[in-house]
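Below: one structure, written as structure tokens.
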Amino acid sequence: MAVFVDEAVSTGPAQDHAPPTRRFGRRGRAVVEVVLLTVLAIVMLFPVLWMVETSIKENRDVYAIPAKFFAFDFTLDHFKDVFVASGGGRSVLSISFLNSVVVAGVSTVLATVLGVPAAWAYSRFGVKAKKDQLFFILSTRFMPPVVVVIPIFLMYRQLGLIDTQLGLILIYTAFNVPFTIWMMKGFVDEVPSEYEDAAMLDGWTRLQAFRRITLPLLVPGIAATAVFALIFSWNEFVFAIFLTSSDEVRTAPPAIAGLIGGTTVDWGLVAASSVVFALPVLIFAYLVRKHLVAGVTLGAVRR
Amino acid sequence: MRYPKRTRRRPVPNRTSRLAAAALLVATTVAACGGDDDSAEAGGPKAPATIPTLTNDPLTLSFIWFEWPPAQTLEDFANAEYTKDRPNVTIKVNTVPNANWHDAMFTQFAARKTDFDIAILDSQHIGEAVTNGNILDITDFVKENIDVSAYNPYLLAAYGQFPQAETGQRDENASLYGLPLLGDTWTMIYRKDLIGEQPPKTWDEMIAAAEKCQTENPGVSGLAFHQANGSDAAAVTYNTVNGVYGGNLWNAKDRKIEGVLNDQAGHEAMDILVNKMKPLTAKGSGNWFIDEVNAAVAQGKACIAFQWIAASGGLLDPKQSTLGTTRDEILQKLGFATLPTQKTDLVPLGGMGMHISAYAPEAQQAEALNFMKWFEQADVQKKWAAAGGVPARTDALQSPEFLNASPFNKVYADSVPRMRDMWNVPEYARLVDIENTNVNAALNGAKSPRQALDDIAREQQKILDSSGKKGGAGL
Amino acid sequence: MSAPAPVTTDEPGQVASATPPARARSRRLSDRWLAVVFISPALLLLLGMSVFPLLWALYLSFTDYSATRGGPADFIGFGNYTAILTSSQVHQRALTTLIYVVGAVTLQTVLGFTIAYLISRRTRGRGLLTTLFLVPMMLSPVVVGLFWRFMLDAQFGVVNSMLGSLGLGQVEWLTRQQTALLSLIVVDTWQWTPFIMLIALAGLTAVPKYLYEAASIDRASEWFKFRTITLPLVWPLLLIAVLFRAIEAFRLFDLVYILTSGGPGVSTETLSFHVYKVAFLGFNTGTASAYGILMVLVVIILTQLYLRYLNKLKED
């Protein structure tokens with residue numbers, strides 16, 4: 001980083017440059033920045049592009065050596081296979097996508113509904129041992145999921161929550177709430193409590209003030225946190241694999257992992273399912289992109 | 001440990017927090033006590049000798065298997081044929097990824113409640129399932145309902161007997177816990193156009209042919225076989241070579257591995273595997289399993305390959321192969337044969353059996369027994385063969401329906417008398433993991449062959465010796 | 001909803017005095033009640049779904065319970081803990097995990113910050129660029145693992161294919177000891193750099209523009225501006241992001257599972273993966289619980305130390 005900046009700018013601070021050199025330095029630096037950004041973008045996005053390309057290739061071309069970048073047969077069969085089972089009718093994958101939508105969506109909403117008010121309460125009120133409680137809340141995420149699975153599994157068995165969407169929703173919510181609270185608290189801290197105090201002086205209750213004044217201001221933060229919660233719930237694998245078994249309930253990650261079963265892998269299908277699976281999250285993130293950056297600013301800066 | 005105590009302080013208000021803590025403590029104790037209530041005897045509850053009256057209400061019989069075409073084949077076949085006898089029954093085969101197969105099933109066994117009625121276990125899982133009381137003892141049932149003389153005794157033993165018998169023999173007095181579902185073994189796949197019409201007969205010949213083929217055809221590697229350190233890939237490969245060169249996996253009677261596995265023959269086998277066979281494989285094949293070997297064959301990049309028969313169906317699919325545009329064209333280039341012999345003619349035993357979950361409801365268990373009885377009938381076995389499965393009854397194995405269904409079925413029929421399985425002791429999963437990781441390390445140059453084999457023997461022996469010790473188990 | 005009573009500048013005192021202490025008391029009470037109502041659901045859920053398993057695992061860690069073998073859970077005191085702490089296998093995995101976490105997080109931080117810096121210098125297309133770079137993070141680790149495994153395949157992978165076209169040798173990425181761990185680090189970096197980038201970008205955009213303008217007026221160079229304005233303001237944020245990533249990398253399981261399965265041999269087995277093997281291959285639930293508890297303790301202690309150090313930095 002420092003190196004590249006240096007080479008575009010002459011040494012030493014506050015030097016009296018002749019204008020032409022300075023202008024060159026600025027343009028040169030801009031060019032270098034753009035080039036570097038492009039290179040990085042290509043490197044970061046290439047695997048994704050390759051995945052998309054694989055999803056539209058015939059299987060023969062998928063395994064071709066050397067790899068075929070442009071001269072390949074185009075086919076949409078893989079995408080069809082994602083949704084249509086080999087014997088006609090809905091494929092298992094399409095059912096699992098639907099399950100993912102339900103489970104991830106509900107758990108994100110629930111995490112937000114539970115987390116935002118809690119974060120606000122932590123921010124506004126002098127709760128006893130606040131810092132410790134908050135740290136404790138965050139520390140619940142430190143446990144490796146592989147170890148948590150067994151007691152959760154035993155617990156769910158008693159409650160009959162195995163192989164249910166509700167079971168997954170509960171555990172995902174429980175995993176998202178800490179992060180939601182932590183991040184949202186930062187946002188709430190940014191909204192001065194004077195706003196609410198003024199409203200309360202006007203006769204509104206605290207609750208009304210929260211709903212009508214603070215909440216609208218928190219929308220960027222909620223959007224940002226929701227994206228992270230959604231990403232986690234959407235992509236989660238370990239719990240899904242151990243807490244669900246039937247096709248009707250299973251979410252997409254185990255279903256996609258199951259595509260590399262015992263015989264020849266249909267990499268085209270894997271790629272197509274991955275593309276289809278990644279789209280909703282990407283679209284959602286794009287829709288709230290403005291809030292993402294602005295939101296993370298407020299949320300993470302404050303502690 | 002200051003910090004954990006601090007972070008456990010309960011929130012405002014105090015009364016509620018104390019209540020919550022108390023409730024939590026009670027819940028924990030209850031769960032702790034309740035969870036250990038284990039009334040199942042080791043050895044599994046017994047299934048009745050005669051099938052109880054079956055219900056006429058709609059009933060779903062669930063299986064659990066891993067994700068591969070035979071799973072779908074079973075579901076289609078059973079729903080088409082079994083429902084002719086029992087129209088109120090629907091068969092459902094739940095599948096999990098292969099890597100999770102053992103975990104998924106045994107996690108449910110551990111919770112004493114299963115979603116499935118019939119578990120399809122790998123033959124080596126039987127020991128674990130039986131010792132934990134997870135599957136039904138069907139010895140009496142088999143005596144009453146199954147014509148055992150129609151089977152090669154080893155097949156019955158391999159897919160259902162525990163304790164496991166000596167290779168090739170069945171102990172008439174031992175208990176049976178399952179019946180064969182799908183048979184499987186390795187087939188040698190070779191390029192007829194590169195090697196010749198006749199497959200190599202001995203292991204040495206095979207290596208020489210592969211070497212010659214590789215030199216003559218740049219870009220094509222001589223061999224392709226399983227090397228991955230997951231599932232049982234590398235372990236089966238080594239066990240096969242070990243068997244062919246006259247080695248032994250263990251001394252079952254004395255429970256000895258140290259000194260048995262790494263004897264002269266064992267070391268020779270490891271040496272051949274790492275120093276003669278591995279160099280003939282493609283670069284980076286060190287984590288290959290079923291799909292990668294298939295891909296190598298389908299892309300025409302291997303002269304000789306070893307693969308499970310049940311997984312080889314896709315090789316004849318023109319859509320996935322560069323060897324031809326029709327099945328016949330492919331068959332002109334690909335040949336299937338039984339494994340070459342050397343000091344012995346042993347081949348690995350694959351395939352799975354059906355076992356009944358001890359935690360399934362009574363009605364489902366009864367239906368499962370009925371299904372198993374139905375499945376092992378002569379005509380059903382033949383239909384299973386025609387549908388693409390591998391039956392176990394001798395007459396079905398020799399029937400034209402089976403032998404003509406695909407080119408590698410003959411390989412299976414010829415291999416049945418030669419099969420040898422691995423140990424199906426309860427500690428199987430850990431034993432195979434030790435073997436897998438060490439063979440994989442040897443194949444990838446992380447350990448010397450000699451060191452790897454000695455490590456395997458030593459660590460496996462430690463596990464066999466320590467079953468029953470307390471504290472720090474599993475490391 | 002009653003309309004709020006108008007507050008005029010000359011009568012606020014009167015409005016306030018019109019509401020005697022009783023109102024204030026009730027407001028405090030209802031505040032407390034509100035706090036309880038707002039916090040309890042979340043805390044209850046966490047108690048039930050996160051604390052209970054933790055306590056349960058803590059209890060199990062002092063026993064030799066096996067989830068499949070059943071039977072009574074015999075109390076064996078610290079047997080599991082001592083066994084784990086003295087096991088050479090665990091030490092080996094700990095070293096692997098350390099290398100992995102340090103390598104991956106360092107790489108991610110450097111890359112993430114670089115990209116964020118470059119994006120923050122642009123005036124147009126920031127939203128699009130940010131979203132584009134975020135894509136890897138949005139993918140499921142399963143998908144990422146599967147695909148990189150395919151791409152890094154020594155025979156069929158596109159990486160080796162490109163290396164071959166460039167005339168360089170073929171590298172056995174996932175099957176050689178030296179390169180397997182490196183591949184793991186690279187794939188994890190690829191997936192999680194966007195996270196650091198996002199946080200760094202947030203920090204960079206939060207730096208007030210007037211600071212830069214003031215510095216420009218003083219004819220400060222870019223490097224000077226970067227060193228005295230940008231870096232100090234973004235530094236704390238980055239450290240938080242690093243903390244998050246380090247914790248997550250420490251717990252990582254999916255990627256190892258799919259990409260290398262711990263191979264070749266056991267050279268890429270991280271602690272998390274080893275716990276999986278102990279818990280599910282041998283079903284040694286007691287040992288696995290002790291293992292997990294130890295990991296949690298390590299993270300908690302290190303995090304506390306780290307946060308204290310951060311706080312000290314802030315105070316300076």
Side-chain angles (χ1 to χ4, degrees), chain A residues 1 5-6 9 13-14 33 36-37 40 44 47-48 50-51 63 65-67 114-115 117-118 121 125 127 137 139-140 142-144 146-148 150-152 170-171 174 177 201-204 206-207 231 235 237-238 253 256-257 267 270 274 278 281-282 285-286 289-290 293 296-297 300-301, chain C residues 4-5 7 31 34-35 38-39 41-42 45-46 49-50 53 56-57 67 114-115 118 121 127 130-131 133-136 138-140 142-143 146-147 150-151 156 158 161 198-199 201-202 205-206 219-224 237 240 247 251 253-254 272 275-276 279 285 288 292 295-296 299-300:
Chain A
M1 265 288 323
V5 174
D6 259 342
V9 176
E33 280 179 10
L36 204 61
L37 198 56
L40 282 170
M44 291 295 278
V48 180
W50 186 242
M51 188 169 77
Y63 281 96
I65 306 168
L114 287 179
F125 304 130
V127 181
I137 283 177
S139 68
T140 55
F142 293 168
M143 194 82 147
V146 184
V147 184
V148 183
I150 296 185
I152 296 271
L170 278 180
I171 189 71
V177 161
L201 281 176
D202 282 351
W204 291 6
R206 173 82 78 174
L207 183 60
I231 292 178
N235 292 332
F237 177 66
V238 178
I256 297 181
W267 278 111
V270 172
S274 309
V281 173
L282 289 177
Y286 184 71
R289 67 189 178 285
K290 281 204 204 70
V293 182
V296 175
T297 311
V301 168
Chain C
V7 180
D31 270 0
L34 208 59
F38 272 8
I39 295 183
L45 182 70
L46 285 181
M49 301 294 297
S50 298
W56 185 211
T114 311
I115 298 178
L118 290 173
R121 306 276 292 173
T130 313
T131 323
F133 274 107
L134 277 183
V135 169
M138 317 263 192
L139 300 173
S140 169
V142 170
V143 166
L146 281 181
F147 233 73
F150 179 51
M151 284 188 5
F156 302 114
V158 66
S161 175
L198 196 63
I199 305 236
L201 193 58
T205 48
R219 301 276 198 101
S221 75
E222 287 303 321
W223 172 230
F224 184 76
L237 205 55
I240 299 276
I247 295 177
R251 293 172 57 229
F253 173 72
D254 308 3
S272 208
V275 169
Y276 152 74
T285 318
M295 283 177 73
V296 174
V299 175
I300 289 182

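Quick note on labels: first sequence line is chain A, next is B, and so on, each numbered from 1. No hydrogens, no waters, no symmetry mates; every other heavy atom, side chains included, goes into these values.
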If you count heavy-atom pairs under 4.5 Å with chain C, which of A278(A), P253(A), P47(A) comes out on top?
P47(A)
I'd like to know if the side chain of D254(C) reaches the main chain of V238(A), judged simply by a donor and an acceptor atom lying under 3.5 Å from each other, with no hydrogens or angles considered.
no
Residue [X] versus chain A: region with a heavy atom under 4.5 Å:
X	result
V142(C)	side chain
F253(C)	side chain
P136(C)	side chain
L139(C)	both

With rounding to the nearest 0.5 angstrom, report the [atom1] to [atom2] distance, [X] to [Y].
X	Y	atom1	atom2	result
T114(C)	L118(C)	OG1	CG	7.0 Å
W50(A)	F147(C)	CH2	CZ	8.5 Å
I240(C)	I199(C)	CD1	CD1	8.5 Å

Determine whether V143(C) and M51(A) make a side-chain contact, defined as any pair of heavy atoms from C-beta on separated by less than 4.5 Å.
yes
Leading residue by heavy atom contact count with chain A [cutoff under 4.5 Å; candidates V158(C), L45(C), I115(C), V275(C)]
V158(C)
Would F133(C) and L37(A) count as a side chain to side chain contact (heavy atoms under 4.5 Å, CB included) if you check the C-alpha gap in whole Å, the side-chain angles of each, and the deciding distance to 0.1 Å?
CA-CA 10 Å; F133(C) 274 107; L37(A) 198 56; 4.1 Å; yes
Heavy-atom distances under 4.5 Å only: say whether I231(A) touches chain C with side chain, backbone, both or neither.
side chain
